[in-house]
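Only one structure is covered here, and it is reproduced in the block below.
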Amino acid sequence: MGLPSTDVRIATWNINSAKARQARLIEWLDRAEPDVVCLQETKLADDAFLELFDEDLFRRGYRVAHHGDGRWNGVAILSRDTLDDVARGLPGDPGFPGPEPRAIAATCGGIRIWSLYVPNGRTIDDPHYAYKLAWLAALREVVAEATTQGAVMTLGDFNIAPTDVDVWDITQFEGATHVTPAERAALAELVDAGLIDVLRARWPDDVVYTYWDYRQLCFPKNLGMRIDLALATADVAGRVRAVWVDRAARKGVGTSDHAPVIVDLDTAPDGDIGPMVPPPSSGSSAGQSAPGRTSSTGTGPRRR
DNA sequence: ATGCCGCGGCCTCCGCGA
């Protein structure tokens with residue numbers, strides 16, 4: 001590469017039906033111009049996804065890897081960088097009862113990228129909750145192995161709010177899934193395996209949501225949850241220039257109930273340690289965040 | 001106004017999401 005390497009923009013978005021979101025997704029690609037996109041809840045089989053999107057994506061330079069079987073779930077990775085070594089499914093998937101299309105991996109720009117749709121869990125006494133925890137245990141094994149091989153990012157709808165700050169009112173979640181100690185412990189095990197929640201690392205104290213229920217004016221009232229996460233190994237987390245939630249994608253008609261999370265990475269060091277501009281007061285843990293050139297892109301509620 | 005739930009399919013109801 002003779003030219004200066006460009007930065008990389010990686011995003012994740014639960015689109016709640018690729019078919020219903022076709023126009024919004026293409027519009028969003030043209031606006032946000034992500035290099036790598038992890039999608040969840042496409043709710044399509046592989047051939048149906050390609051039939052809908054192949055031409056539009058090809059024209060925009062995206063390669064596509066999709067893993068779905070129709071009505072529920074369905075995940076994909078789009079990349080206008082490289083898209084190599086595609087792996088469909090989660091090794092060790094406990095199934096419900098059989099394996100579901102909730103995970104797909106590919107190597108894009110030197111990073112092992114996983115697009116994940118963690119089971120919802122429904123209620124804590126539902127078999128689906130035990131399935132969720134078993135699925136997360138399988139994911140932990142996959143992550144523990146992957147992080148020994150190099151740079152890793154796991155992005156997607158984790159269906160876990162990491163802390164009480166990540167829901168609009170924790171008292172509304174008494175006895176509910178998404179906030180239980182067991183789910184948060186499963187997430188902590190991914191952190192122990194070497195992954196960093198890059199949005200929280202960059203914005204330690206901001207209220208940031210990625211999901212708002214369609215009902216009861218939740219979005220206008222900003223009654224949301226942060227359940228869509230981008231987790232990365234320290235080498236990748238150290239390249240984070242900016243990370244934010246694209247709330248504009250949640251506005252208007254015909255939207256998903258989730259908004260995209262977007263992560264901008266500085267160019268891989270490649271021997272160069274990169275722009276080591278120290279923060280004025282370094283309160284953050286070393287290597288977990290880079291100074292944000294574009295911090296004005298902003299996070300959290302904007303109230304007028 | 002960001003405005004009172006929306007997907008797919010089993011299709012005028014149901015399962016699911018969280």
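A note on names: the letters A, B, ... follow the listed sequences, proteins ahead of strands, and every chain is numbered from 1. Just so you know, these numbers come straight off a predicted model, no measurement behind them.
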*Got Ile196(A) and Val191(A) here, is their nearest side-chain heavy-atom distance under 4.5 Å?*
no
*Within a strict 4.5 Å, meaning less than it, do heavy atoms of the Val75(A) and Leu39(A) side chains meet?*
no
Rounding to an integer number of Å, can you tell me how far [X] [atom1] sits from [N] [atom2]?
| X | N | atom1 | atom2 | value |
| --- | --- | --- | --- | --- |
| Arg24(A) | dG6(B) | CZ | P | 13 Å |
| Arg250(A) | dA1(B) | CZ | C1' | 15 Å |
| Lys221(A) | dC5(B) | NZ | P | 10 Å |
| Phe49(A) | dG8(B) | CZ | P | 14 Å |

*Determine which pairs satisfy side chain to side chain donor-acceptor pair (under 3.5 Å) with at least one residue from residues 18-29 of chain A, sequence neighbours left out, and list them in order.*
Trp28(A)-Asp246(A)
*Which pairs count as side chain to side chain donor-acceptor pair (under 3.5 Å) when at least one residue sits in residues 176-185 of chain A, sequence neighbours excluded?*
Tyr129(A)-Thr180(A), Lys132(A)-Glu183(A), Asn159(A)-His178(A), Asp164(A)-Arg184(A), Thr180(A)-Glu183(A)
What integer number of Å spans the [atom1] atoms of [N] and [M]?
| N | M | atom1 | result |
| --- | --- | --- | --- |
| dG6(B) | dC11(B) | C1' | 15 Å |
| dA18(B) | dC7(B) | P | 14 Å |
| dT12(B) | dG8(B) | C1' | 15 Å |
| dC13(B) | dT2(B) | C1' | 31 Å |

*Do any pairs count as a salt bridge (charged side-chain N to carboxylate O under 4.0 Å, His left out) and have a residue in residues 77-99 of chain A, sequence neighbours left out, and if so which ones?*
Asp35(A)-Arg80(A)
*Where are the stems of DNA chain B, defined as at least 3 consecutive Watson-Crick or wobble G-U pairs with both distances under 3.5 Å?*
B:5-9 with B:13-17
*Within less than 4.0 Å of OP1 or OP2 of dC7(B), is there a side-chain N or O belonging to Arg21(A)?*
yes
*Specify the residue among Lys19(A) and Phe219(A) whose closest nucleotide of DNA chain B lies further upstream toward the 5′ end.*
Phe219(A)
_Gln172(A), CD: over 12 other non-hydrogen atoms inside 6.0 angstrom_ = yes
_List the residues meeting salt bridge (Lys or Arg N to Asp or Glu O under 4.0 Å) with Asp166(A), not counting sequence neighbours, and say none if there are none._
Arg200(A), Arg226(A)
*How are the rings of Trp212(A) and Phe219(A) set relative to one another: parallel (under 30°), tilted (30 to 60°) or perpendicular (over 60°)?*
perpendicular
Report, one pair per line, the protein and nucleotides 15-18 of chain B atoms (nitrogen or oxygen only) whose separation is under 3.5 Å.
| from | atom 1 | to | atom 2 | distance (Å) |
| --- | --- | --- | --- | --- |
| dG17(B) | OP2 | Arg122(A) | NE | 2.8 |
| dA18(B) | OP1 | His258(A) | NE2 | 3.1 |
| dA18(B) | OP2 | Asn120(A) | ND2 | 3.0 |
| dA18(B) | OP2 | Asn159(A) | OD1 | 2.8 |
| dA18(B) | OP2 | Asn159(A) | ND2 | 3.1 |
| dA18(B) | O5' | Asn120(A) | ND2 | 3.2 |
| dA18(B) | O5' | Asn159(A) | OD1 | 3.4 |
| dA18(B) | O3' | His178(A) | NE2 | 3.3 |

_For the residue pair Asp7(A) / Thr267(A), report whether a side-chain donor-acceptor contact shorter than 3.5 Å exists._
yes
